[in-house]
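Because only heavy atoms are used, hydrogens play no part in the values below, and waters and symmetry mates are left out as well, while side chains stay in. Numbering of residues begins at 1 and proceeds along the displayed sequence. What you see is a predicted model, and the numbers here were worked out from it, not measured in a lab.
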Amino acid sequence: MNRYLKLFYAVLAGLIIFSLFRIGILITYFEQFKDNSFTQILFAMVHGIRFDASIFMTIILPFIVLLLLPVNNKIYERIVYWVMYVVYFVMVIYLMIDAVYFGYVSRHLAGEFAQLGQDKEYISTMGFEYWWLVLLVFLAGFTGAYFWNKLVRIEIKKSEYNKKANIRSAIYFLIAGIIVFILIRGSFDIKPISTINAFISGNNALGNLTLNGLFTSIRYMTENRNLSTDIYNFYDDNETHQFILSLKSGKCEKPFRFNDKPNIVFILLESWSAYYVDSFNGNKGKSLTPNFDKLAENGIKFMNHYSPERRSISAIQAILLGIPPMDNIPRLGFGLETISGSGNLATILNNNGYDTVFIQSSKRNSFYLDVIAKSIGFKEYYGMEDLDEILDYPDKKASQFGWDYETYMKLYDVLKNKGKDKPFFAFLFTGTTHIPYAEPNSINVKFPHNTGDENGFKNTLVYADWSLGEFMKKMENEPYFNNTIFIFTADHVLGKFEKTEFPEDYHVPLLIYSPAFKEKKEYTFTTNHIDLASTILDIAGLYTDRSEYIGDSVFCKDNESFSIVHSYGSAKIIKNDKWLIHSFADILETSPEDMSEDEKNSLAKILLSYYQESRNIMMGKYR
């Protein structure tokens, strides 16, 4: 037998282990999967091999390299194979722990793996409770060792050392390397496989059946290298929960009253800093967004609205899941979906009779949003590849994040046949205002254009606003228009040319507009993206549990409200014209600098309780 075939059998044995555990989970916890068809379950099982191969090949890569080296030494080869078997055995132990854990929480281990080695009492207790599984694992280990020994003792052909043999070995080694590389990445795409790819069916149970505990744990670890499992333990959990609820005691306004559930269109605007929008910057006369400003004249403006972080995916996470960015928690699309216990906004709306649509100007897989949209409940999803070319641009391919006008027109076309039998919720994410700033159609070029400077950005902003205006003109002619509420905000500030200081460097517009209830209102209390999931449910008449999310509907806010923004290693709380920065250990900075100790302690308590409660909600503590 040659060394490649022998190694293939060894690798195949490892992959079979993963499949056996997946079958075991399916049989043991079949109650969780019984509502799915045989075809759906089979697809999830087969799809799981992709994740198994990715993490398994990552773990055993060193052994593959060592065993493919042209070394003619039996002792060397046997030592490598037996060390490899020990690694297999450790994997089996971990997968068994994961299978038991799955029965309690209906998902695989993720961040919890960091606690296993620290809690010896827990491990010993579980060991006694599941003594028969411990025995089974060791029996399997000894049985496996018997058959492994047979494989190890198979003689392989000695490597030849001549020019022809060396060239052949090099070719085989290269081919093997390419195969291993593809399996580890799990994809032919630019991005390697991630946990979110398991949820392509949009079904949470099947997504977790596809995954395995080693993949979710190691991905979680590599994407959160500074994991600290107790970073957000500050107070007693029950006291924290009651304290946060006490901050939501204000009465809620009802500015919109519809006979039927309203349609909701949510527009997330790429990099629209409040600084550049006259209706939100104190009317500085920049005149870059006249269409948006016209809507603001008859809408509800929240003048002190902040993004929770300066990353698009964090904004989407906050808006659609109601979970703020945190240092020791992976972002949406990078592991959060495996541990999130908070309500998925789109799923809740689906379950209450809404059509749901997600569309972005960027490519479908940007930020993994194609899979994210399905995993969190959206029934329809569209990206750049689905948009028709409509306008003439100097270079149609120049906008790496897509063209806003075509995106709006796609949404308009998608919504044409909706809103008749049931309401719809549409989420649109623009992209033309993202650097590099592609030159738009000629009527919107107001400044000398450069793809990297402020003039370039301003031109794309003028174009983006014009595109929005054209979209609203077309929407006005639709029968569902007067029964539709539009929500506009930005994912984050531009943060490049404004030269603003905190908190202005997180300040974005928030406008809620209803054609049927045109009434100009301005609110100056602080709000945040984290409040928008609750706000959408409030507008839909579905906001019945104010403990579901850490945020609260903006229509329930008052002058005691606060906003929290995140930066790596610290967090900042804004309340009216005061703010405080905290490292989760100490207060770092305040404004005003002479803030009283009582006020410092009060703001610090709110901030720390906010993160502790966010973690608890995310982990499903109150479900």
Side-chain angles (χ1 to χ4, degrees), residues 267-282 284 286 289 292 301-327 329 331-332 429-430 433-435 457 461 487-511 522-535 550-552 554 557 559 561-584 587-592 603-604 606-608 610-611 614:
I267 309 293
L268 186 63
L269 304 158
E270 171 65 50
S271 301
W272 277 44
S273 306
Y275 176 86
Y276 290 103
V277 181
D278 283 349
S279 50
F280 282 83
N281 65 15
K284 292 180 180 179
K286 293 184 178 294
T289 57
F292 182 87
K301 298 193 296 182
F302 296 84
M303 302 303 293
N304 292 300
H305 186 76
Y306 301 93
S307 57
E309 197 176 55
R310 288 167 64 172
R311 296 181 64 185
S312 298
I313 195 63
S314 297
I316 293 170
Q317 171 183 312
I319 294 165
L320 296 180
L321 290 185
I323 297 175
M326 294 184 272
D327 282 345
I329 304 299
R331 299 296 193 271
L332 181 62
F429 182 24
T430 68
T433 41
H434 194 292
I435 194 171
F457 170 73
L461 184 57
I487 304 174
F488 304 92
T489 190
D491 54 349
H492 50 71
V493 299
L494 175 63
K496 190 172 179 65
F497 309 114
E498 303 99 304
K499 296 181 181 178
T500 52
E501 297 181 351
F502 184 76
E504 277 301 303
D505 54 353
Y506 288 86
H507 185 201
V508 294
L510 173 61
L511 170 66
E522 283 189 9
Y523 293 108
T524 58
F525 47 71
T526 55
T527 53
N528 190 284
H529 284 353
I530 208 70
D531 299 314
L532 296 181
S534 302
T535 302
I550 187 65
D552 202 5
V554 294
K557 298 280 188 175
N559 288 330
S561 300
F562 59 89
S563 181
I564 289 178
V565 299
H566 180 264
S567 57
Y568 185 76
S570 66
K572 307 167 185 180
I573 180 170
I574 308 161
K575 186 176 180 183
N576 299 320
D577 58 348
K578 299 177 181 179
W579 52 262
L580 175 146
I581 304 177
H582 206 289
S583 70
F584 304 113
I587 295 173
L588 302 178
E589 191 177 348
T590 65
S591 177
L603 290 177
I606 294 173
L607 183 148
L608 298 178
Y610 169 93
Y611 275 92
S614 295

Interatomic distance, Leu580 atom CG to Lys572 atom NZ [nearest 0.5 angstrom]: 11.5 Å

Mark yes or no for whether Thr433, through its side chain, and Glu270, through its backbone, hold a donor-acceptor pair below 3.5 Å. yes

Would you compute the distance between atom OG1 of Thr526 and atom CH2 of Trp579 and round it to the nearest 0.5 angstrom? 14.5 Å

Leu532 and Leu510: CA distance, side-chain angles, deciding distance, side chain to side chain contact (heavy atoms under 4.5 Å, CB included) verdict: CA-CA 10 Å; Leu532 296 181; Leu510 173 61; 4.0 Å; yes

For Phe280 and Phe302, work out which heavy atoms get closest and say how close. CE2-O, 3.4 Å

So, applying ring-ring contact (aromatic ring centres under 6.0 Å, His included) with Phe457, which one of Trp272, Tyr275, Tyr276, Phe497 is it? Tyr276

Is the closest side-chain heavy-atom distance between Lys557 and Asp552 below 4.5 Å? yes

Closest non-hydrogen atoms of Ser314 and Pro308, given as atom of the first, atom of the second and distance, are O-CG, 4.2 Å

Can you find a pair of side-chain heavy atoms, one from Val554 and one from Tyr523, that are under 4.5 Å apart? no

Rounding to 0.5 Å, atoms OG1 (Thr430) and CG (Leu269) come to a distance of 5.0 Å

Between the CG atom in Leu511 and the CE atom in Met303, the distance rounded to the nearest 0.5 Å is 10.5 Å

CG/Leu332 to CG/Leu320 distance, rounded to the nearest 0.5 angstrom? 8.0 Å

Can you measure from CG (Asp505) to OG (Ser307) and round to the nearest 0.5 angstrom? 8.5 Å

In terms of heavy-atom contacts, Gly551 and Asp531 come closest through CA-OD1, 3.4 Å

Check the orientation of His529 and His305. Use parallel for under 30°, tilted for 30 to 60°, and perpendicular for over 60°. tilted

Are Pro324 and His566 close enough that some pair of their side-chain heavy atoms sits under 4.5 Å apart? no

Taking C-beta and beyond as the side chain, do Asn304 and Ile574 meet within less than 4.5 Å on heavy atoms? no

Check: Ile564 and Tyr611 side chains under 4.5 Å, non-hydrogen atoms: yes

Heavy-atom closest pair (Pro592 atom, Lys578 atom, distance to 0.1 Å) is CD-CG, 3.9 Å

State, with a plain yes or no, whether a side-chain heavy atom of Thr489 is found less than 4.5 Å away from one of Leu268. yes

Examine distances only and state if a side-chain atom of Glu498 and a backbone atom of Gly495 form a donor-acceptor pair shorter than 3.5 Å. yes

Ile313 side chain reached by Asp491 side chain, heavy atoms, under 4.5 Å: no

Aromatic ring pairing Phe488/Phe292, orientation class (parallel under 30°, perpendicular over 60°, tilted between): perpendicular

Do you know the tightest heavy-atom contact between Ile587 and His582? CG1-CD2, 3.6 Å

Main chain of Ser570, side chain of Ser583: is a donor-acceptor contact present, judged purely on distance under 3.5 Å? no

Check Phe584 against Ala571 and note the closest heavy-atom contact, atom names and distance. CZ-CB, 3.8 Å

Should the pair Phe502 and Tyr506 be assigned to parallel (<30°), tilted (30 to 60°) or perpendicular (>60°) ring geometry? perpendicular

Kindly indicate whether the side chain of Ser561, heavy atoms from C-beta on, has any atom under 4.5 Å from the side chain of Lys575. no

Does the Asp278 side chain pair with the main chain of Lys286, one donor and one acceptor, at a distance under 3.5 Å? yes

Mind running side chain to side chain donor-acceptor pair (under 3.5 Å) on Ser273 and His507 for me, showing each step along the way? CA-CA 7 Å; Ser273 306; His507 185 201; over 6 Å; no

